[in-house]
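Below: the structure, in structure tokens.
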Amino acid sequence: MNTAHSVEHAGADTDHIHGHEEHHHEETFLTKYIFSQDHKMISKQFLITGMFWGVVGGLLSVLFRLQLGWPNETFPFLETFLGKWAEGGRISQEFYYALITMHGTILVFFVLTGGLSGTFANLLIPFQVGSRDMASPFINMLSYWFFLSAGVVMLFSFFIQTGPASGGWTAYPPLNGLRNTGVNLGSGLGFDMWALGMTLFIASSLMGALNYITTVLNLRTKGMTMMRLPLSVWALLFTAIVGVLSFPALLAGVVLLEFDRLLDTSFYLNNIIINGQLLGYKGGSPILFEHLFWFLGHPEVYIIILPAMGIVSEVLAVHSRKPIFGYKAMIISLMAILILSFIVWAHHMFVTGLNPNLGAIFTLFTLLIAIPSAIKVFNWIGTIWRGKIRLTAAALFAIGFVSMFISGGLTGIILGNSSIDIQLHDTMFVVAHFHIVMGIAAFFGMFAGVYHWFPRLYGRFMNETLGQIHFYITLIGSYCIFFPMHFMTGLPRRYYSYANFDTFNNFNNLAAFMSIVAIVVFLAQLLFLVNFFYSIFKGRKLEGEYANPWDSNTLEWTAPVERLHGNWPGDIPEVYRWPYDYSVNGKPFTPQNVPLKDGEAAH
Amino acid sequence: MIAFLSFAIVVLLFTVLVLTAKASEVATELKDGVRSYTNQSRINGYLLLGFLVLMFAGSAYAFKELMPVMIPKAASVHGEKTDYLFNMTMIIILVVAVLTQAALFYFAYRYNESRVNEAYFYAHNNTLEIVWTIIPTIVLTVLIVMGMYEWFTIFTRDRDKNMLVIEATGKQFNWMIRYSGKDGKFGERIIDTAHVTPTNELGINWNDPKSHDDFMSDKLYLVKGRPTLMKLGAQDVIHSFYLPHFRVKMDCVPGTPTEFYFTPTMTTEEMRQYLSTQPWWQTINPETGQPRWQTFKYELACAELCGKSHFGMEREVIVVTQNEYDEWLNKQTSLYDATIKPALAKDSTAVAPVAAGADSSKPGEKKPTAMLIKK
């Protein structure tokens, strides 16, 4: 029934596009490059905007690593660039907290959500399901422009007098819930701009996600049943579902927070006493905000990691010349992660004084996530086992992703256990955990995707040697920064300096070491940028009109190299098989649009 | 100048790298043909194997160097249990990490293009899938059950009648620590504008006689072996009451009381004696010129971002025996005796001076006696 359904749609779609093509030549510079409704161009827009934000977010971390690594030193050049935020060459406390707040916001939302999902959902979904474009190209375009304007608002908040938001990316009230009280940090205009920026971002994310879901469900080509979708599309579909269901909760939370700030309501405020003066707020609870925030905040980490998982599954299979091991198990485990991701949020709140029964339930569900995660890891390792692995930059980053996901995922088993988390909550152990498992790992997935699909995007290759240098520096560097950080167990995070405490002041040499490595790793990312932009213009060209550089089975390589609004010049290819027929039937690979041979059973 | 030089060096390095990389690309094309990845797969295979060795060696080195520097063993009853859980889980995940990382990088080396003629089409194996689903499930079940048992023990066990109750209230950027004095009972606190004033931030009702022996302390005194209930709150923003050595952490939320019940097991002195046997703690601290164990102290910290001086909310914690505690308790002057009483004596015109209730005062009105109360 499912098949029949998509056949109908594919037919309708083909007719529509024939009409469409006649208007193809009417693309102007503006509609082709700026207000483009072509999913491939929008993908590039998301990618390059995401890269910009990656550089900004990384640079912020380099700045606060200077403070953390050398708390007693001064860096006069900082004052040159930052002025009052770094008087005497030392980053001020206010600015330090602004740096960590914006670093978190930018990396989590603007790079690893917008940049990652936006790029690969746009590029891969229409191509790999066999569709001319997204279900609604116009809304897709709006999604990018809302993303960009959200970024503009965030960026401008750096340049206002009171500075950007600085109460943590989690935006907890009352720290962020009171305006103009004089003693609260980060509650000025910067936070209102943060809230506005996030609102625009959420709108962008919802428009994108609805489009992705609709496209996957309705615009699959003839023969493309759900069980013939590549895992990358499955992962992006689940990501979009998680986003649609969870982002609205954050929007509600932020809107109510702005009510408290601007209209003096008391959703999150109760009995606030500042300098002995009781303010008039009654009856709210800051914990309510934490629930709303983490109802998005936790699924958010899966919004970040699921696309990376999908990309890596695809890249590992293609470059190992083997089918992904346990295709169905991979889908079921993705689905299990999707469901569980909605019922674990309070593990961020074990020590907020919540009911102990709740703590126990959330421990249970949290640790259960380890099971589908473990299945995925075993299946990736099973995929490369007895393969014929082409160790390109893309494959290396995919392998690096699995390594990071193992290392970071395992410490989650410690943190998810509520009684152990009492000590570890809000300490550097948590910082080490989530940077490895969702920060570095997601970046590795993203890099694997960029190196792998760069030829699809630009018709040229990225330079392999530079890519591999980039890989080794990033892999070794990331472990050097975040592995030793686990030993800072018990050191509170978000500390400007540990000098006030005898207990925490014993890791200064280590902190300096981590800062040096962080700077090196940051520079290695610039090497990636150089490679990227250099290759757009000067990279080795793809050969042939219909090049399939990695001998891949998926449909994106059946379209011509030259960018074409509508993807395929003639009919949309029909699909006869699953995407993982590698090294079978005596052929190294068999693309999905190759009909079954006589007597061959569909997988 | 140095900044400019380092910038120039980085640019130069980048240029060299890009040119070399481009050259190597062209060379590969000429030598192996455009579509061949065999040579680089061979090199990367060895590099990944090398990385695996490096990773294990580096991790072992990190354990050796950094373990001794970590916050020492737990000094509370439940802390010993959660530390045990932590260590047990850590050993399990280390075993899993070593096995999976070794498999991952070894396979990447062993099955790289240069060492294999053909990939083996192997799409799934249900038995294997079931096995590697069930094993983690069993291990996790054990961990979940042990964790939950400990969690419920910490938060729902019966309280000792003889427990010590201490109140701690966080504010930007300080802790207000209140003891109930000799009667063991706290004076009532009323949160309204009549009671809460700049000089009586906690809103203590001085008409409640139980408040008359309550006192504030700069340091948190705890008694070895005596169960302690921390009653926690916050004035302005969320803080988090964190005693790293006792594995105690609980958020302090404005308008919502929270608490944490625990039992210290080692006095400050005993912890010093224990640490004096540890090699790293015997080294000299360059700041004090003494062996580190000699100046060891327990500390209280804030663990929830609460503003620009979040990192400065330090208070010393001292664990003593019951006798030492009683001695210390006897030396304390109550807040009432120190501030309210002298004011009453001096200012005889102040009838019913202590905040009598909302009806007798207007918001913002200053009370002559309460004004004198200092922290």
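Treat the numbers as computed from the prediction; the structure is a model and nothing was measured. In the text below, chain A, chain B and the rest are named by the order of the sequence lines, each starting its count at 1.
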Quiz item: Does Lys249(B) reach the main-chain N or O of His425(A) with its side chain, forming a donor-acceptor pair under 3.5 Å?
Solution: yes
Bottom line for Ile469(A): the part with an atom under 4.5 Å from chain B's heavy atoms is side chain
**OP:** Give a yes-or-no answer on whether the side chains of Tyr172(A) and Asp251(B) include a donor-acceptor pair shorter than 3.5 Å.
**Re:** no
For Ile399(A) and Leu104(B) the tightest heavy-atom approach is O-CD2, 3.5 Å
Side chains of Ser418(A) and Glu150(B): do they bring a donor and an acceptor to under 3.5 Å?
no
Main chain of Thr82(B), side chain of Ser419(A): is a donor-acceptor contact present, judged purely on distance under 3.5 Å? no
Note: vs chain B, highest number of non-hydrogen pairs under 4.5 angstrom among Leu278(A), Ile422(A), Leu367(A), Val377(A) is Ile422(A)
*Carefully, step by step, assess Glu113(B) and Lys388(A) under the rule salt bridge (charged side-chain N to carboxylate O under 4.0 Å, His left out).*
CA-CA 5 Å; Glu113(B) 201 180 83; Lys388(A) 189 181 182 193; 5.6 Å; no
### Under 3.5 Å: donor-acceptor pair, side chain of Asn463(A), backbone of Ala21(B)
yes
Cut-off 4.5 Å, heavy atoms of chain B, and the answer for Ala360(A) is both
Chain B shares the most heavy-atom pairs under 4.5 Å, among Thr411(A), Asp581(A), Leu466(A), with Leu466(A)
Turns out that what part of Tyr281(A) lies under 4.5 Å from chain B's heavy atoms comes down to neither
Per-residue tally against chain B (heavy atom, under 4.5 Å) across Thr465(A), Thr383(A), Asn531(A) peaks at Thr465(A)
ask   = Side-chain donor-acceptor pair under 3.5 Å between Gln40(B) and Thr392(A), yes or no?
value = no
Turns out that what part of Phe75(A) lies under 4.5 Å from chain B's heavy atoms comes down to neither
| message | Using the ring centroid of each side chain, check whether Phe487(A) and Phe63(B) are separated by less than 6.0 Å. | response | yes
- Message: Are Asn44(B) and Tyr472(A) packed together at the side-chain level, in the sense that at least one heavy-atom pair is separated by less than 4.5 angstrom?
- Response: yes
Cut-off 4.5 Å, heavy atoms of chain B, and the answer for Ile381(A) is both
Checklist entry - Are any side-chain N or O atoms of Asn271(A) and backbone N or O atoms of Ile191(B), one a donor and one an acceptor, separated by less than 3.5 Å? => result no
Max heavy-atom pairs within cutoff under 4.5 Å with chain A, candidates His245(B), Arg110(B), Met55(B), Arg115(B), goes to His245(B)
Inset, instruction - Mark yes or no: Arg386(A) above the aromatic ring of Tyr120(B), with NZ or CZ under 6.0 Å from the six-membered ring centre and no more than 45 degrees from the axis. - result: yes
Whatever's closer than 4.5 Å to a heavy atom in chain B on Pro173(A) counts as backbone
Interatomic distance, CG@Leu140(B) vs CD1@Ile369(A), rounded to 0.5 Å, equals 11.5 Å
Can Glu118(B) and Ser583(A) be counted as having a side-chain donor-acceptor contact under 3.5 angstrom? no
Heavy-atom nearest pair, Leu175(A) first then Leu305(B), reads CD2-O, 3.6 Å
Original post:
Hey, does the side chain of Lys322(A) reach the backbone of Ala123(B) with a donor-acceptor pair shorter than 3.5 angstrom?
Top reply: no
Side-chain heavy-atom pair Pro254(B), Asn270(A) within 4.5 angstrom cut-off = no
Leu128(B) meets the side chain to side chain contact (heavy atoms under 4.5 Å, CB included) criterion, sequence neighbours left out, with Phe325(A), Asn125(B), Trp132(B)
Checked His124(B), Met250(B), Gln101(B) vs chain A; the most non-hydrogen pairs under 4.5 Å come from Gln101(B)
If one checks every heavy atom of Tyr479(A) against chain B at 4.5 Å, the contacting part turns out to be side chain
Given Trp385(A) and Tyr106(B), is the side-chain contact (heavy atoms from CB on, under 4.5 Å) satisfied, shown in steps? CA-CA 9 Å; Trp385(A) 176 74; Tyr106(B) 176 73; over 6 Å; no
Notebook entry, point to check: Which is it for Thr100(B) and Phe378(A) under the side-chain contact (heavy atoms from CB on, under 4.5 Å) test, yes or no, and what are the steps along the way?
Noted result: CA-CA 8 Å; Thr100(B) 47; Phe378(A) 295 144; 3.9 Å; yes
Sorted by chain and residue number, the salt bridge (charged side-chain N to carboxylate O under 4.0 Å, His left out) partners of Arg321(A) (sequence neighbours excluded) come out as none
Under 4.5 Å to a heavy atom of chain B? For Thr427(A) that would be side chain
Bottom line for Ile476(A): the part with an atom under 4.5 Å from chain B's heavy atoms is both
Bottom line for Phe95(A): the part with an atom under 4.5 Å from chain B's heavy atoms is neither
Between Ser41(B) (side chain only) and Leu391(A) (backbone N and O only), is there a donor and an acceptor less than 3.5 Å apart? yes
Looking only at heavy atoms, the pair that brings Ala62(B) and Phe483(A) closest together is CB-CE2, 3.9 Å
Phe121(B) and Val584(A) have their tightest heavy-atom pair at CD1-CB, 3.4 Å
Okay, Phe501(A) and chain B: the region with an atom under 4.5 Å from a heavy atom over there is both
Highest number of heavy-atom pairs under 4.5 Å with chain B among Thr363(A), Asn357(A), Leu491(A) belongs to Asn357(A)
Nearest heavy-atom approach of Ser309(B) to Gln93(A) is OG-OE1, 3.3 Å
Turns out that what part of Asn417(A) lies under 4.5 Å from chain B's heavy atoms comes down to side chain
When the 4.5 angstrom heavy-atom criterion is applied to Val402(A) and chain B, the contacting part is both
Decide yes or no on side-chain contact (heavy atoms from CB on, under 4.5 Å) for Phe311(B) and Phe504(A), but give the supporting numbers first.
CA-CA 11 Å; Phe311(B) 62 99; Phe504(A) 308 137; over 6 Å; no
Whatever's closer than 4.5 Å to a heavy atom in chain B on Tyr498(A) counts as neither
When the 4.5 angstrom heavy-atom criterion is applied to Glu129(B) and chain A, the contacting part is side chain
Exercise for the section: Using atom types as modelled and distance alone, determine if a side-chain donor or acceptor of Gln423(A) lies under 3.5 Å from a backbone N or O of Pro244(B). Expected result: yes
If you tally heavy-atom pairs under 4.5 Å between each of Leu510(A), Leu364(A), Asn505(A) and chain B, the highest tally belongs to Leu364(A)
Scanning both residues in full, the closest heavy-atom pair of Tyr495(A) with Ala301(B) reads OH-CB, 3.6 Å
